[in-house]
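For reference, the structure discussed in these notes is given below.
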Amino acid sequence: MYLANKDRKIQTQQSIIQRLEEENRCLREQLEAYGNKNMQRKMELAGQAYKEYMGLAAELDEMKQEYAGLIEDIVAEKRELKKRCK
């Protein structure tokens with residue numbers, strides 16, 4: 001079907017309008033996602049995660065020190081056992 005110049009221009013403009021409306025909708029969603037309240041909530045969650053991480057790191061360090069102490073005890077007992085066996 002042959003379209004007149006005006007009809008083609010109208011179709012082109014309509015497709016441009018639809019594309020811009022879709023782009024506008026996407027941009028609004030992104031703006032909403034990065035809104036002030038949403039970002040504050042994300043910052044709070046990040047702060048909580050950081051505190052939890054630091055607590056776990058401290059706990060891990062304590063366990064590491066305890067493990068090193070146990071290894072030292074085992075080495076000392078092993079030496080003592082070797083002395084007794086001679």
What distance do [X] atom [atom1] and [Y] atom [atom2] have between them, rounded to the nearest 0.5 Å?
X	Y	atom1	atom2	answer
Ser15	Leu20	OG	CG	9.5 Å
Glu59	Leu56	CD	CG	6.0 Å
Asp7	Thr12	CG	OG1	10.5 Å
Ile17	Asn24	CD1	CG	12.5 Å

(message) Using the salt bridge (charged side-chain N to carboxylate O under 4.0 Å, His left out) criterion, which residues pair with Glu80? Sequence neighbours excluded.
(response) Arg84
(request) Not counting sequence neighbours, which residues clear salt bridge (charged side-chain N to carboxylate O under 4.0 Å, His left out) with Arg25? List them please. (result) Glu22, Glu29
(message) Tell me if the CD atom of Glu44 is crowded by more than 12 foreign heavy atoms within 6.0 Å.
(response) yes
(message) Is it the case that atom NZ in Lys9 sees more than 12 heavy atoms from other parts of the structure closer than 6.0 Å?
(response) no
(message) Let me check something: do Tyr67 and Val75 share a hydrophobic cluster, defined by ILVMFWY side-chain heavy atoms less than 4.5 Å apart, either directly or through other members?
(response) yes
(message) Under the criterion side-chain contact (heavy atoms from CB on, under 4.5 Å), I'd like the reasoning laid out for Gln65 against Asp61: C-alpha separation, chi angles, the key distance, then a yes or no.
(response) CA-CA 6 Å; Gln65 290 174 1; Asp61 191 43; 3.5 Å; yes
